[in-house]
Structures are given as C-alpha cells and as structure tokens.
Amino acid sequence: QVQLVESGGGLVQAGGSLRLSCAASGSIFSANAMAWYRQAPGKQRELVAAMTRGGSTNYADSVKGRFTISGETAKNTVYLQMNSLKPEDTAVYYCNMVVRRYSYWGQGTQVTVSS
C-alpha cells in the first residue's frame with residue numbers, strides 16, 4: 001500500500017556534497033519516524049540518521065557534523081544532506097519510514113565517494 005520513492009544518489013569526489021530525497025506514496029497517514037540507513041559490501045546495515053514526529057533527531061557518530069536529516073512527517077518526506085563526504089561513506093543508502101506501526105523501506109540508492 002505504501003511505497004517509498006528515493007532519489008539523489010550518485011558519484012561524488014571526497015569533500016563534496018550530496019542530497020538524498022525520499023517520499024512515500026499511497027498513504028494518507030503521517031509517519032511516526034523517518035530515517036536513513038546505509039550498508040557497505042560485507043557489512044551490516046547501520047543507522048545513519050533518524051527523526052521522529054516530535055522533531056527529535058539522532059545521528060551516527062561517524063556522520064555527526066557532516067550530515068543533516070530533515071523532513072516533513074505530515075507529508076511523509078525525508079531528506080539527507082551529506083557534506084564533507086569521505087570514501088568511507090560509500091554505501092547503498094536506504095530510506096525508512098514507520099507508518100501506522102508498519103516499517104517501510106526504499107529500494108536503496110548507491111552513493112560512491114571517490115578519493
């Protein structure tokens with residue numbers, strides 16, 4: 001019923017910036033929480049940044065000061081602004097939203113940071 005549409009992935013040089021976007025379709029209910037995860041080859045998926053309906057946010061220590069999550073829970077849209085990118089940020093990034101006690105995932109978008 002709910003599908004997430006992602007955009008913004010790509011190839012950038014170290015020190016560059018990238019902005020990921022994600023929006024839900026097929027639902028009239030607001031998200032309770034929205035987040036971005038990432039997974040590199042051979043590693044487990046990890047939480048990058050998250051925000052709740054109340055507006056609180058949290059970040060992985062590795063991205064604090066460089067990444068910023070923002071969005072509108074009422075519109076089921078979420079963004080991830082990534083600055084000062086490093087090669088170790090290279091991974092597949094996934095959008096996640098919790099709507100009506102269900103967890104939905106995007107298809108994943110590749111982010112590659114060259115040195």
Side-chain angles (χ1 to χ4, degrees):
Q1 295 179 342
V2 176
Q3 296 182 356
L4 304 187
V5 181
E6 299 175 321
S7 63
L11 172 65
V12 298
Q13 295 183 348
S17 299
L18 201 64
R19 186 171 187 256
L20 304 182
S21 301
C22 178
S25 62
S27 176
I28 63 173
F29 299 96
S30 298
N32 293 317
M34 305 187 293
W36 289 95
Y37 290 75
R38 68 184 181 187
Q39 185 170 21
K43 297 183 178 180
Q44 295 189 2
R45 185 180 302 179
E46 65 174 343
L47 176 66
V48 177
M51 66 179 295
T52 66
R53 181 181 176 183
S56 63
T57 61
N58 64 83
Y59 299 88
D61 289 340
S62 60
V63 306
K64 287 183 178 179
R66 300 189 298 119
F67 291 9
T68 302
I69 186 172
S70 63
E72 304 173 53
T73 56
K75 297 292 185 180
N76 293 348
T77 57
V78 63
Y79 308 92
L80 184 67
Q81 179 66 47
M82 304 184 292
N83 299 324
S84 301
L85 284 164
K86 304 175 181 179
E88 49 263 44
D89 293 319
T90 296
V92 177
Y93 284 70
Y94 298 90
C95 173
N96 171 260
M97 296 187 189
V98 177
V99 182
R100 297 184 65 205
R101 302 180 183 179
Y102 291 91
S103 182
Y104 298 91
W105 294 89
Q107 77 284 355
T109 182
Q110 177 70 47
V111 172
T112 302
V113 184
S114 62
S115 60

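Please read all numbers here as calculations on a predicted model, not as lab measurements. Sequence positions, counted from 1, serve as the residue numbers for this chain.
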> CD of Gln44: more than 12 outside heavy atoms within 6.0 angstrom?
Replying inline: no
> Going from CG on Asn96 to CG on Leu47, what distance comes out if it is rounded to the nearest 0.5 angstrom?
Replying inline: 9.0 Å
> Looking only at heavy atoms, what is the nearest atom pair of Thr109 and Leu20, with distance?
Replying inline: CG2-CD2, 4.2 Å
> When hydrophobic residues are tied together by side-chain contacts of less than 4.5 Å, even through go-betweens, does Leu18 share a cluster with Tyr37?
Replying inline: no
> Does Val111 reach the side chain of Met82, with side-chain heavy atoms less than 4.5 Å apart?
Replying inline: yes
>> Please check: side-chain N/O of Gln3 versus main-chain N/O of Ser25, any donor-acceptor pairing under 3.5 Å?
In response: no
> SG of Cys22 to CE of Met97: how many Å apart, nearest 0.5 Å?
Replying inline: 4.0 Å
>> Students often mix this up, so state it plainly: with edges at 30° and 60°, are the rings of Trp105 and Tyr94 parallel, tilted or perpendicular?
In response: perpendicular
> Where is the tightest heavy-atom contact between Ala50 and Ala35, given as atom of each residue plus distance?
Replying inline: CB-CB, 3.7 Å
>> I'd like to know if Lys64 and Asp61 make a salt bridge, using a cut-off of under 4.0 Å between side-chain N and carboxylate O.
In response: yes
> Out of curiosity, Arg53 CZ to Ser30 OG, how far, rounded to the nearest 0.5 Å?
Replying inline: 6.0 Å
> Would you say Tyr102 and Met51 are hydrophobically clustered, going by side-chain heavy atoms of ILVMFWY under 4.5 Å?
Replying inline: yes
>> Give me the atom names and distance for the closest heavy-atom approach of Leu85 to Arg66.
In response: CA-NH1, 3.9 Å
>> With clusters defined by side-chain heavy atoms of hydrophobic residues (ILVMFWY) lying less than 4.5 Å apart, directly or transitively, does Trp36 cluster with Val12?
In response: yes
> For the residue pair Leu4 and Tyr104, what are the closest heavy atoms and their distance?
Replying inline: CD1-O, 3.5 Å
>> For Val92 versus Gln110, what's the shortest heavy-atom pair and its separation?
In response: CG2-OE1, 3.3 Å
> Should Arg100 and Val2 count as side-chain neighbours, where that means a heavy-atom distance under 4.5 Å?
Replying inline: no
> How many angstroms lie between atom CZ of Arg38 and atom OG1 of Thr90, to the nearest 0.5 angstrom?
Replying inline: 9.0 Å
